[in-house]
Protein chains: 2
Amino acid sequence: MAKRARTTRVGISDVATKAGVSLATVSRVMNGNLSVDPQIAKRVRATAAELKYLPNPTGRNLARGKTDTIGVVVPDLGNPTFQAVLRGVSRAAAQDGYRVLIADSSEVSSEEAILAGEARRRCDGVVLCAPRMGAAELEELAPSLHPMVLVNRATNATGSPSVMVDYGKGIQDLAAHLVELGHTRLAYVAGPASSASHGLRLAGLETFKRSHPGIELKVLPNGSTFEDGYNSADAVVASGASGIMAFNDLTAMGLLSSLNERGIRVPADMSVTGFDDIPFARYTTPALTTAAVPIVDVGEQAWRQMRELLNGTAGGGTSATPGQAGSEVAAGTTAAPTTSIFTPTLVVRGSTAAPPATGR
Amino acid sequence: MAKRARTTRVGISDVATKAGVSLATVSRVMNGNLSVDPQIAKRVRATAAELKYLPNPTGRNLARGKTDTIGVVVPDLGNPTFQAVLRGVSRAAAQDGYRVLIADSSEVSSEEAILAGEARRRCDGVVLCAPRMGAAELEELAPSLHPMVLVNRATNATGSPSVMVDYGKGIQDLAAHLVELGHTRLAYVAGPASSASHGLRLAGLETFKRSHPGIELKVLPNGSTFEDGYNSADAVVASGASGIMAFNDLTAMGLLSSLNERGIRVPADMSVTGFDDIPFARYTTPALTTAAVPIVDVGEQAWRQMRELLNGTAGGGTSATPGQAGSEVAAGTTAAPTTSIFTPTLVVRGSTAAPPATGR
DNA sequence: GTGAAAGCGCTAACAT
DNA sequence: ATGTTAGCGCTTTCAC
């Protein structure tokens, strides 16, 4: 490269020279290596401070073969769920001195794999949120991404731990709640067909059906956004159901809004439930009955899993102790990869009640 | 370091050897340098593909003195405003091949400066969202952070551009709207005293007062969260005002919720406005009249400013053309640093109407 | 057009 | 305990 471009900031050698020691010593001091004479260490520190020397991370990264950074790949930075995961990961990682590089695929799932790979090569590991990615592609991608932690996904044949939410259990709780209130005709306003978490809800509902033969349960295809919920009102009304389970709080709120405009009263005429318990859920009118997902905790747990991977403490077991906020966590199989499972909590608010007396 | 640790992934030298060329040539090919014989280039590319060679970013970073990454410092990753800024920056930057490293100070403002510095040293520049940071500290910090782009802040004496939102204008529009509807007693449910954007609203309201001497306008100290809004109801009712301007949509929604519980009808008994136009604003009951802030655009514009800084095209002028979505942008002074100003748009929905006939 | 070699700024053997 | 010296993996002069 250039011959000693003098544009450069103050580097380790400047400190070494000025303090009258070798590069190695400065490096040792800066890294808190105890094997340095306290006197000298003090002098070096003083010199560094005087020169306002701060180690260049890129140089360290190259020399140490690590970046102290992890990548978080999300399909949509505008989605409250992934925002919360990101926040959880970011804060937990920060506590351990790690930073987060974000990779937002903007719902362009064809870019997901590339983005994930790029992120991985710049970081020490990657937390992957890819609810729509095909199982095959994921499996193929996994080895090249290791160390990787999956959120709401699982993969065999690789050492990638997962942090999952038991959406199936959550929706069963919701359905049971409605049935307890007296509803006999239920409808699930479905999420995107390709969504893995939607699949889990569906499976949960199948289980529910089996144990509740007398209950009618329709599945109404729909999406995951506010607008989707708003636009689902026709289908919901046509279904004849009195107990509606929306895919998530967003769609529930959209539905609520649309029903309100039509003069259909919730919960008097119809009960509606959400899923996730996003912050707004308790402030809708009426407040939303939902299955609370401790999604920030999911992010934090994803970091803990990543930390284990990074520390080489690969093993499984009930190592980290997550789930402080009313959620339960179960350690998966004892062998790696570990799976953490968070169970949603039923939160009953004003949007559910007994069905109208007219029966129906 | 270790003597040729054979753990290393396939590197540039592997490709060079296998293709029978020098490192330099491989590097040239990988970087699209045209001065390579097409035949050789093709062979190198084939070899690279065969070996699944991908350049190590850290090595490149060190050699090129840049990381193609920018840092985004936010005070709270849980705040919708900063989430949107982050999203705007991230997506715009991604289009230009840059990535984003996030630095969330978790509202611990004492950490903000340190975090920003850390982020800056790992990146090519930093977008700083620090609404609570003292002006003096910001000024002191600025030089060491350059290139830096400020969001909703400005600083003299440094070449740091700003992307601002004219909160003062927005709140004046809101106030004027209420007055037009017939309200004569207004109240502003204030944001955090230390918030810069709150200051701008306050200043705007002062201007408004001067031009509307007949209007009563009270300022009710409060905060910025949903809960703050919820808890402000007492003060709001006590104020005797009929037209309420909340600090933002979040507090407006909290207030709406609380008023609803008290049986105070909006907008029949009281009009309420928000600020920001977050996605939920149109789905509240009633839908929220607010001043729409194109906050994602703010993030995108912040990236454009950053890109100019990075490209050395330091100058000002109306370079980038932002503000597609109904917002206006004005280029600041012709000299650098440039300031982009986004003006909120009044969005009238169902939460405002004429005051009750009883006068008051 | 291509290669040799000198770094980028730092860390970590290894030797003393 | 400290210094010497190789690198980390890549880019980029500079000479051919």
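Labels below follow one simple rule: chain letters A, B, ... track the order of the sequence lines, proteins then strands, and each chain is numbered from 1. Only heavy atoms go into these numbers, but all of them, side chains included; no hydrogens, no water, no symmetry mates.
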Inset, instruction - Any chance you could measure B:R43, atom CZ, to B:T25, atom OG1, to the nearest 0.5 Å? - result: 9.5 Å

Legend entry - Contact check, side chains of B:Q83 and A:L77, non-hydrogen atoms, under 4.5 Å: no

Inset, instruction - Could you tell me, to 10°, how much the axis swings from one end of the helix from C:dG1-D:dC16 to C:dT16-D:dA1 to the other, five pairs per end? - result: 40°

Legend entry - Side chain A:N152, main chain A:M164, donor-acceptor under 3.5 Å: no

Legend entry - Test item: B:R153 side-chain N/O and B:A130 main-chain N/O as donor-acceptor pair under 3.5 Å: yes

Legend entry - Test salt bridge (Lys or Arg N to Asp or Glu O under 4.0 Å) applied to B:D68 and B:R64, step by step: CA-CA 10 Å; B:D68 295 342; B:R64 307 197 315 161; 2.9 Å; yes

Legend entry - A:N61 CG to C:dC8 C1', straight-line distance once rounded to whole Å: 13 Å

Legend entry - Rounded distance (nearest 0.5 Å) linking atom OG of A:S105 with atom CD of A:E112: 4.0 Å

Legend entry - For atom CD1 of B:I12 and atom P of D:dT12, their distance in whole Å: 11 Å

Legend entry - Short side-chain N/O contact from B:R60 to OP1 or OP2 of D:dT11, under 4.0 Å: yes

Inset, instruction - In whole angstrom, give the distance that lies between atom CZ of A:R64 and atom P of C:dA13. - result: 13 Å

Legend entry - For atom CZ of A:R122 and atom P of D:dC10, their distance in whole Å: 13 Å

Legend entry - Atom-to-atom span, CG of B:L62 to C1' of C:dG9 - whole angstrom: 6 Å

Inset, instruction - Indicate whether the side chain of A:Q305 and that of A:T338 have a donor and an acceptor atom separated by less than 3.5 Å. - result: no

Inset, instruction - Indicate whether the side chain of A:Q301 and that of A:S340 have a donor and an acceptor atom separated by less than 3.5 Å. - result: yes

Legend entry - Listed once per pair and sorted, the salt bridge (charged side-chain N to carboxylate O under 4.0 Å, His left out) pairs that draw on residues 88-100 of chain A, sequence neighbours left out: A:R91-B:D76, A:R91-B:D104, A:D96-A:R307, A:R99-B:E118

Legend entry - Interface residues of residues 21-38 of chain B with DNA chain D (non-hydrogen, below 4.0 angstrom): B:A24, B:S27, B:R28, B:N31

Legend entry - Separation of atom CG in A:L54 from atom C1' in C:dG9, rounded to whole Å: 13 Å

Legend entry - Value in whole Å for how far the P atom of C:dG7 lies from CG of A:N56: 17 Å

